[in-house]
Amino acid sequence: MQVPLLDLARQYKKIKTEIDQAVYKVLEHTKFIMGPEVVEFEDQAAEYCGSKYALGVASGTDALLIALRACGVRAGDEVITSTFSFFASAGVISRLGATPVFVDIDSDTYNLRSEEVKKAVNDKTRVIMPVHIFGQCADMDAILQIAGENDIMVVEDAAQAIGSKYKGKTAGTMGDFGCFSFFPSKNLGAAGDAGMIISDFMDKQTFMKSLRDHGAHPKYYHSYIGYNSRLDTLQAAILSVKLRYLDQWTEARRKNAVFYNDAFKDVPVKTPVELEHNYHIYNQYTIATEKRDELMEHLRKHEIGCAIYYPLPLHAQECYKYLGYKDGDYENAPWASREVLSIPIYPDLTDDERNYVVEVISAFFK
Ligand SMILES: *Cc1c(COP(=O)(O)O)cnc(C)c1O
């Protein structure tokens, strides 16, 4: 049996009529740039997340970049983030001439360790950027407290965490800005690149809106140097359709996670830890084992999709050598990079497929 890590074709088949209708509608009205579907989707997404404003942008990376600009991040500033994340979390900091300060993670949740965040704060720190990794929220009370005490802004990298909750609060609504990615493999995925920023402040919203369109306000008058980072009308139309199914898909992912957690009870792998106050949306179901590389080979042989998120922490990336970090500075991130493996968790996974994944992994350890 073949089980891919993610099967988007299956998802499309189920909602094909609605998606096709939405796409054809845009093809016919031809308002490809900033068509009515963009604002429609922004309003729906803001309501879904429980924030006042949502701003559609071209990618999750641009969402982070524009949110950091709205925090006033510039050359000489420091931004604290997790060393165990996708590269975008760090790249956007550097692109503004600021310095990423990479902090270690917790070994259960793979999220930022707040004690380490506290130690990393100094008078150059402008923003803390927690990453809600794999779909579970970071330790936000502690992070917001550190930020509040030091007059630092908070940008949530919620790229993997749409609809995730922390003590009843929705990912992206706790910091000053929440950034989302609609990269196809995210829980809410576009048919290409797309992203979004949510916030509650009208003035910041206006500023970010102009940055999204070359910093123009009004058109052809530029007070700032911005970007070409609008959300495509076609993507917005597709996302609106998919948003209606998001909760149902998340629930299916969570059911798969419960199934795996139970099935792996007697298998020597570390399963994801969902903290009691969290509502994890399982963008990834990530296990850990010392035999990770051998297990991966075994899964490949049995045609089960899997992937390593992430094989090299950000502090150890070639382009960040100049910052002078060593693996020895980190207790958990280098371990995570050696041992983690993400396995299929997507909502359309069948019972047979789930059983097969468990069988193949259990057999490996026997
Ligand atoms: C996907 C992702 C991003 C970037 O999103 P894009 O839409 O691909 O630009 C940023 N941060 C994290 C943690 C991500 O997983």
Side-chain angles (χ1 to χ4, degrees), residues 5-6 8 41 45 54-69 79-96 100 102-103 105-106 109-112 127-138 140 143 154-164 171-172 175 177-198 208 211-212 227-232 234-236 238-239 242 253 272 280-286 307-315 317 320 333 336-337 340 342 345-346:
L5 182 59
L6 174 67
L8 289 172
F41 173 68
L55 188 75
V57 292
S59 70
T61 304
D62 280 4
L64 292 169
L65 184 70
I66 291 171
L68 289 182
R69 280 279 300 270
V79 176
I80 298 172
T81 193
S82 171
T83 190
F84 191 68
S85 180
F86 177 59
F87 182 75
S89 313
V92 291
I93 299 167
S94 304
R95 282 170 64 191
L96 293 175
F102 297 122
V103 162
I105 51 165
D106 173 73
T109 60
Y110 307 100
N111 270 321
L112 269 184
V127 172
I128 302 172
M129 188 203 287
V131 181
H132 304 315
I133 202 81
F134 303 144
Q136 171 161 237
C137 287
M140 289 308 289
I143 289 167
V154 174
V155 172
E156 298 177 62
D157 182 342
Q160 303 181 2
I162 191 162
S164 180
F177 302 98
C179 298
F180 298 90
S181 164
F182 305 121
F183 186 84
S185 67
K186 305 290 157 88
N187 285 26
L188 180 62
D193 280 307
M196 177 178 79
I197 309 160
I198 59 173
M208 296 192 296
L211 285 184
R212 156 175 90 170
Y227 314 96
N228 174 352
S229 185
R230 297 162 302 237
L231 171 64
D232 280 346
L234 273 170
Q235 299 301 349
I238 291 169
L239 288 166
K242 288 194 171 192
R253 283 175 183 268
H280 195 325
I281 61 149
Y282 292 98
N283 178 242
Q284 299 297 340
Y285 185 92
T286 303
I308 301 170
Y309 303 116
Y310 295 92
L312 190 64
L314 296 171
H315 72 263
Q317 297 290 343
Y320 286 127
S337 283
V340 293
S342 298
I345 185 77
Y346 60 91

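Start at 1 and go down the list; that is how both ligands and their atoms are numbered.
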J.: Among protein heavy atoms, which lies nearest atom 8 (O) of ligand 1, and at what distance?
T.: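 In this structure, atom 8 (O) of ligand 1 has Phe183 CD1, 3.7 Å as its nearest protein heavy atom.
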J.: Any chance the rings of Phe86 and Tyr309 have centres within less than 6.0 Å?
T.: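 Ring-ring flag for Phe86/Tyr309: false, centres at least 6.0 Å apart.
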J.: Can you tell me if Gly195 has a non-hydrogen atom under 4.0 Å from ligand 1?
T.: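 No, Gly195 has no heavy atoms under 4.0 Å from ligand 1.
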J.: So which protein heavy atom does atom 15 (O) of ligand 1 come closest to, and at what separation?
T.: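 That would be Gln160 NE2, 2.8 Å.
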J.: Under 4.5 Å between any side-chain heavy atoms of Arg95 and Thr61, yes or no?
T.: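 Arg95 reaches Thr61 side chain to side chain.
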J.: Any donor-acceptor pair under 3.5 Å linking the side chain of Lys242 with the backbone of Gly189?
T.: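 Looks like yes, one N/O pair under 3.5 Å.
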J.: Just need the protein heavy atom nearest to atom 7 (O) of ligand 1, so name the residue and atom and give the distance.
T.: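 The closest one turns out to be Ser181 OG, 2.6 Å.
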J.: For Ala161, is there any backbone N or O sitting under 3.5 Å from a side-chain donor or acceptor partner on Asn187?
T.: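 Flag not set: sc Asn187 to bb Ala161 has no pair under 3.5 Å.
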J.: Does the N or O separation between Lys186 and ligand 1 drop below 3.5 Å for any pair?
T.: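 Among all N and O atoms of Lys186, at least one is under 3.5 Å from an N or O of ligand 1.
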J.: Heavy atom of His132 under 4.0 Å from ligand 1?
T.: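 Per 4.0 Å heavy-atom rule, His132 does not contact ligand 1.
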J.: Once you measure the plane-to-plane angle for Tyr310 and Phe134, does it fall in the parallel (<30°), tilted (30-60°) or perpendicular (>60°) bin?
T.: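 Correct class here is parallel.
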J.: Please identify which atoms of ligand 1 are closer than 4.0 Å to at least one heavy atom of Ala88.
T.: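 Under 4.0 Å from Ala88, ligand 1 has these atoms: 4 (C), 10 (C).
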J.: When rounded to the nearest 0.5 angstrom, what is the spacing between CD in Gln160 and OG in Ser85?
T.: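 If I round to the nearest 0.5 Å, the distance is 6.5 Å.
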J.: I need the Asn283 CG to Ile133 CD1 distance, nearest 0.5 Å.
T.: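 That separation rounds to 9.0 Å.
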J.: Check whether Asp157 reaches the backbone of Met129 with its side chain - one donor and one acceptor, N or O, closer than 3.5 Å.
T.: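 Judged by distance alone, no pair lies under 3.5 Å.
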J.: For the 3.5 Å polar cut-off, considering only N or O atoms, please tell me whether Gly60 and ligand 1 meet it.
T.: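 N/O-N/O distance under 3.5 Å: yes.
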J.: Distance under 4.0 Å to a non-hydrogen atom of Val131: what atoms of ligand 1 satisfy this?
T.: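 Going through ligand 1 atom by atom, the ones under 4.0 Å from Val131 are 13 (C).
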J.: By number and element, which atoms of ligand 1 are closer than 4.0 Å to a non-hydrogen atom of Ser85?
T.: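 Per the distance check, 13 (C).
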J.: Classify the contact between Thr61 and ligand 1 as side chain, backbone, both or neither, using a heavy-atom distance cut-off of under 4.0 Å.
T.: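 Both backbone and side chain.
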J.: Purely on distance, is any nitrogen or oxygen of Asp157 under 3.5 Å from one on ligand 1?
T.: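 For ligand 1, there is an N or O atom that lies under 3.5 Å from one belonging to Asp157.
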